[in-house]
K.L.:
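First, the structure itself, so that you have it in front of you.
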Protein chains: 2
Amino acid sequence: MEALPKACEVNVAKVTIYDIAREAGVGIGTVSRVLNDHTSVTPETRKRVKEVAKRLNYQPHTYAQRLARRQAETISAIIPFFTNYFFIEVLQGVQDRISQLGYDLVLYGVNNVDQVETYVSRALQRGKVDGILFFSMKLPEKIVPRLRDARLPMVLVDTVSPDFDSISVANVEGAYAATTHLLELGHRSVGMVNAKLVSTPALERLQGYRHALESHGITYSEGLVKTGSSNKQDGFNREAGYEAMEEFIEMGPDMPRAFFVSSDIQAMGAIAALTERGLRVPEDVAIVGFDDIELAKHMKLTTMRQPMYQMGVLAIERLVARMSNPEMEILHTTFSPTLVVRETCGAFMRRRN
Amino acid sequence: MEALPKACEVNVAKVTIYDIAREAGVGIGTVSRVLNDHTSVTPETRKRVKEVAKRLNYQPHTYAQRLARRQAETISAIIPFFTNYFFIEVLQGVQDRISQLGYDLVLYGVNNVDQVETYVSRALQRGKVDGILFFSMKLPEKIVPRLRDARLPMVLVDTVSPDFDSISVANVEGAYAATTHLLELGHRSVGMVNAKLVSTPALERLQGYRHALESHGITYSEGLVKTGSSNKQDGFNREAGYEAMEEFIEMGPDMPRAFFVSSDIQAMGAIAALTERGLRVPEDVAIVGFDDIELAKHMKLTTMRQPMYQMGVLAIERLVARMSNPEMEILHTTFSPTLVVRETCGAFMRRRN
DNA sequence: GCATCTTATGGAAGCACTTCCAAAGGCATG
DNA sequence: CATGCCTTTGGAAGTGCTTCCATAAGATGC
């Protein structure tokens with residue numbers, strides 16, 4: 001049990017450019033030039049250096065590079081964990097694009113609002129990241145000046161602020177389209193299952209719903225918009241949808257026979273409430289959701305599709321654009337959600353008649 | 001349009017420890033000692049330096065620190081994006097714990113198997129990360145030696161290899177418990193909806209199912225295990241569950257009236273297939289799933305719960321332990337899933353009778 | 001054959017920190 | 001008062017790279 005090699009002695013030899021330079025009989029400058037594919041190196045030298053590097057299994061030291069290059073090659077994403085489906089899909093786009101660029105993605109998952117500031121501070125550490133992606137949360141007013149002063153490229157995704165680039169979804173238009181679809185199917189009484197109005201998307205989707213009614217000559221009625229009591233995720237959750245629909249069902253015969261629901265996940269709850277009371281979807285009640293999460297397809301839910309993956313890709317592209325040109329004018333892009341007609345709205349059923 | 005300030009001129013002044021040292025009339029060594037809370041600094045000096053640092057709004061340069069400290073303060077997670085629910089919940093545990101430790105989490109999302117090697121190589125870059133979390137995928141044999149040579153702490157989550165620490169779920173026991181639950185409710189013919197056998201969890205869950213049958217004196221029959229044809233995510237997807245159940249339904253009266261399904265998401269599909277054919281759950285057919293994803297609760301699905309969040313937390317703790325003691329014996333931890341009885345198994349229905 | 005222009009190369013300086021070592025000062029002890 | 005010890009401090013050396021500058025070597029033109 002003696003002379004156990006210490007961990008550090010066993011560790012992989014740390015090969016530096018100095019080792020390569022010595023071994024190849026060149027200077028470190030030349031080594032660096034070869035490894036970074038600069039010009040002004042003869043093919044023979046280039047070849048020799050590359051061979052030595054390979055033989056010694058050279059790995060550049062990431063942080064030494066980043067320090068010398070004055071580049072972080074890293075982007076951080078500040079993202080609320082509760083967004084779930086949306087988050088996953090957008091993040092996939094972000095990841096794929098980032099990975100192509102050879103950048104790293106560092107993830108700051110926010111579970112409660114207080115963490116936002118902590119994570120922003122971390123991301124703002126000098127030289128740490130080249131850019132920030134800020135997701136789905138209202139940007140706290142008090143940190144806006146710090147962010148602006150830091151002059152660090154930042155793109156907001158699924159949220160908006162006049163001071164920064166943003167990628168978002170046209171909630172008003174989407175809600176308008178969803179509601180209009182139901183109206184065009186002949187419904188005159190269309191209810192809305194909404195989320196808490198503290199959230200901007202909820203507010204905007206309500207607006208779109210209301211506009212749609214009014215453009216079709218129907219007066220908006222507060223009594224036909226319900227939210228349920230579950231506060232989790234600002235009301236964008238299944239229970240809230242269930243509860244809201246329960247309330248509607250209690251209205252008895254006056255209950256609307258068509259609903260725009262402000263998210264697919266709430267729609268799942270709403271449909272469950274209906275089914276449990278013996279009401280069939282779409283025969284008795286028509287439903288249109290919002291988001292087009294993966295489950296929507298399986299549930300045959302008619303819904304408004306957000307191009308989540310593309311939003312992620314675009315977010316990175318916008319960020320890169322701003323990185324290379326900080327003086328670029330601030331750009332706000334809104335994607336228009338598209339109506340995906342499946343079965344819960346009853347459109348196909350009607351046509352068959 | 002003249003004399004527009006260049007971006008770099010406007011940029012935040014980069015304050016270094018040299019600036020602080022000059023301003024506070026001390027040496028850089030002292031500044032470093034103060035900022036790192038070392039001993040051997042008089043309270044007055046400490047106070048003065050801290051004040052200057054604050055006044056100048058000093059931010060340490062992350063990468064200079066990491067280079068000098070020979071520590072990455074970063075952990076990377078290599079994770080298949082398709083795991084979805086499981087992934088999100090485990091990652092939440094990982095994130096929370098990492099964040100407490102002041103480490104960064106860099107995410108490598110894998111969309112197809114080839115990417116695994118790319119990402120492993122990146123994570124292996126010298127000095128880049130202090131540890132790796134490898135999720136839910138079979139560790140490719142060919143990279144095991146590289147990984148071992150690198151002597152970089154790595155913990156496998158939801159997958160196993162003899163060479164590395166791992167945190168996983170006792171699939172055999174879980175499947176055994178699930179099947180036993182159905183048997184104890186009086187079923188003699190229990191089918192299984194499984195995923196593709198290329199996946200270890202699928203293999204192990206089949207084993208548990210088989211053991212359970214045999215310990216109850218029932219002979220195992222291959223005909224009662226079906227998989228469906230959808231290959232996505234190794235068969236752990238909704239369509240596959242739907243297809244498998246369709247096949248069962250085609251058996252006619254010989255079809256089992258109870259099923260253990262190897263994942264909740266498949267169970268969703270299976271239930272849909274049953275409902276569409278007019279078969280009620282649990283009145284006509286009993287179902288037990290596996291995972292306890294968020295939707296399971298809403299669907300009232302009886303299932304085997306995996307403690308995903310805790311698995312994430314433990315994964316980080318294990319990683320940290322190995323980082324501080326590389327010679328530690330390799331540890332494999334398996335969490336036992338617990339049976340969550342809801343409605344789809346029919347247990348409550350029975351009791352009511 | 002010489003002046004001029006390229007092109008290739010070595011290595012110092014820089015990036016912003018940590019850490020170690022030597023030195024200085026303060027205090028107690030004999 | 002001299003000696004030894006401890007605390008505090010400054011700053012050189014180190015971390016591993018990139019980049020710039022000066023120089024050397026080779027190519028070109030007349």
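Here the structure is a predicted model, which means the values were calculated and not measured. Naming convention: chains lettered A, B, ... in sequence-line order (proteins, then strands); numbering from 1 in each chain.
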K.L.:
Find the distance Ile20(B):CD1 to dG10(D):C1' and express it as a whole number of Å.
P.N.:
16 Å
K.L.:
Would you kindly give the CG-to-P distance between Asn36(B) and dC20(C), to the nearest whole Å?
P.N.:
13 Å
K.L.:
Between dT18(D), dA16(C), dT8(D), spot the one nearest the side chain of Ala64(B), thanks.
P.N.:
dA16(C)
K.L.:
Could you check whether Arg66(B) gets within reach of a base, just the sugar-phosphate, or nothing at all, counting any heavy atom under 4.0 Å?
P.N.:
nothing
K.L.:
When you get a sec, tell me which of dC17(C), dG10(D), dC17(D) is the closest nucleotide to the side chain of Tyr18(A)?
P.N.:
dC17(D)
K.L.:
Is the shortest heavy-atom distance from the side chain of Val110(A) to the side chain of Ile78(A) under 4.5 Å?
P.N.:
yes
K.L.:
Counting heavy atoms not belonging to Glu141(B), are there more than 12 under 6.0 Å from its CD?
P.N.:
no
K.L.:
For the pair made of CD1 in Ile28(A) and C1' in dC17(D), what is the distance, rounded to whole Å?
P.N.:
8 Å
K.L.:
Starting at the 5' end of DNA chain D, which residue's closest nucleotide do you reach first, Arg70(B) or Pro43(B)?
P.N.:
Pro43(B)
K.L.:
Using whole Å, report how far NE2 of His38(A) lies from P of dC20(D).
P.N.:
9 Å
K.L.:
Rounding to a whole Å, what distance do you find between Arg69(B):CZ and dA13(D):P?
P.N.:
23 Å
K.L.:
Among dC17(C), dT9(D), dT18(D), which nucleotide sits nearest the side chain of Thr42(B)?
P.N.:
dT9(D)
K.L.:
For Thr16(A), which contact category applies under a 4.0 Å heavy-atom criterion: base, sugar-phosphate, or nothing?
P.N.:
sugar-phosphate
K.L.:
Among dT19(D), dG14(D), dT8(D), which nucleotide has an atom closest to any side-chain atom of Ser32(A)?
P.N.:
dT19(D)
K.L.:
Starting at NZ of Lys14(A) and ending at C1' of dT15(D), how long is that distance when rounded to a whole Å?
P.N.:
8 Å
K.L.:
Please state whether the base of dG10(D) and the side chain of Arg33(B) form at least one donor-acceptor pair under 3.5 Å?
P.N.:
yes
K.L.:
Between the main-chain N or O of Thr74(B) and the side-chain N or O of Asp104(B), is there a donor-acceptor pair closer than 3.5 Å?
P.N.:
no
K.L.:
Please pick, from dA8(C), dG16(D), dT15(D), the nucleotide with the shortest atom-to-atom distance to any side-chain atom of His61(A).
P.N.:
dG16(D)
K.L.:
Leu67(B) has a side chain; which of dC20(D), dT18(D), dT15(D) sits nearest to it?
P.N.:
dT15(D)
K.L.:
Within the structure provided, determine whether Val113(B) and Met137(B) are in side-chain contact (heavy-atom separation under 4.5 Å).
P.N.:
no
K.L.:
So does Arg22(B) reach the base of dG10(D) with its side chain, donor to acceptor, closer than 3.5 Å?
P.N.:
no
K.L.:
If only atom types and distance count, is the side chain of Arg322(A) paired as donor or acceptor with the main-chain N or O of Met328(A) below 3.5 Å?
P.N.:
yes
K.L.:
Output the single nucleotide from dC17(D), dT9(C), dT18(C) whose closest atom is nearest the side chain of Gln65(A).
P.N.:
dC17(D)
K.L.:
Got Val116(B) and Tyr108(B) here, is their nearest side-chain heavy-atom distance under 4.5 Å?
P.N.:
no
K.L.:
Are Thr45(B) and dT9(D) close enough that a side-chain N or O sits under 4.0 Å from OP1 or OP2?
P.N.:
yes
K.L.:
Output the single nucleotide from dT9(C), dC17(D), dT19(D) whose closest atom is nearest the side chain of Thr30(A).
P.N.:
dT9(C)
K.L.:
When the distance from CG of Asp19(A) to C1' of dG16(D) is rounded to whole Å, what number comes out?
P.N.:
11 Å
K.L.:
Mind calculating the distance between CD (Glu44(A)) and P (dA25(D)) to the nearest angstrom?
P.N.:
17 Å
